[in-house]
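Data first, discussion second: the structure below is written as structure tokens.
The figures that follow rest on heavy atoms only: side chains count, while hydrogens, waters and symmetry mates do not.
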Amino acid sequence: NIVLAAPILKSDGGEATLTLNAHNDVVIRESVLSSAGPLNLVLNPDSDRSGGTTSGGSVVLSTLSPSGPFPTIDLNGGRLTTYGNADLAAGRVRNSTMTALSGAAGSPTINATGATLEGVTIDSAALRFTGDFYVEKGVNLLPGSSVTLAGTWTLRGADQIGRAHV
């Protein structure tokens with residue numbers, strides 16, 4: 001497992017890529033932020049694909065305490081790529097393009113229960129979101145993307161507040 005237990009801040013330079021390859025899970029417990037140039041973040045659990053078709057690794061955004069603080073991923077326009085399943089828990093993903101690629105277990109599922117997506121673009125052939133979560137400042141789908149929803153989206157913004165249940 002890889003457990004990110006301290007924050008990462010990219011504060012200098014142009015576009016960069018950080019790749020975390022784990023034999024099992026990638027657990028993000030602290031924020032990953034870029035304040036200078038895009039940061040591409042690749043989270044690759046079960047990188048050796050030894051988990052077979054039903055197990056292996058997954059990506060988990062979590063916190064040590066039920067009351068937070070919850071991790072934020074802000075890539076300053078970079079791309080967040082996950083392989084296989086991901087659990088955003090109560091984290092926040094913002095200013096990023098999300099791509100979820102099939103892992104050992106097949107098509108990816110994002111459990112977004114309690115999470116907030118803010119200014120996120122989804123660029124993924126087939127992605128399934130489960131759980132109740134929040135959308136701020138829009139979520140954009142690029143052509144060719146497919147999203148299946150199971151749960152309630154709560155839309156929050158300066159001009160509008162709404163709920164959508166799918």
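N24 and P45 make their closest contact through O-CB, 3.0 Å (heavy atoms, listed as atom of the first residue, atom of the second, distance). What you find for E30 and P7 is that their closest heavy atoms are CB-N, 3.5 Å.
Here side chain to side chain donor-acceptor pair (under 3.5 Å) pairs that include residues 2-13, with residues two or more places apart or in two chains, number zero.
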Inset, instruction - Could you walk me through whether S35 and L9 pass side-chain contact (heavy atoms from CB on, under 4.5 Å), step by step? - result: CA-CA 7 Å; S35 62; L9 173 61; 4.1 Å; yes
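Under the side-chain contact (heavy atoms from CB on, under 4.5 Å) test applied with V3, the options V27, I28, V26 reduce to a single match, V27.
A search for side-chain contact (heavy atoms from CB on, under 4.5 Å) contacts involving I2 returns L20, A22, not counting sequence neighbours. T17 meets the side chain to side chain donor-acceptor pair (under 3.5 Å) test with N40; sequence neighbours excluded. Among residues two or more places apart in sequence or in another chain, the side-chain contact (heavy atoms from CB on, under 4.5 Å) test is passed with T72 by S31, L33, D74, R92, R94. In this view, L41 and L18, V32, L43, I73, L75, L80 satisfy the side-chain contact (heavy atoms from CB on, under 4.5 Å) rule, not counting sequence neighbours. The side chain to side chain donor-acceptor pair (under 3.5 Å) test applied to N21 returns N44, not counting sequence neighbours.
When side chains are defined from C-beta on, P38 counts as touching E15, because their heavy atoms get closer than 4.5 Å.
Distance check, rounded to the nearest 0.5 Å: OG of S34 to CG of L39 gives 5.5 Å.
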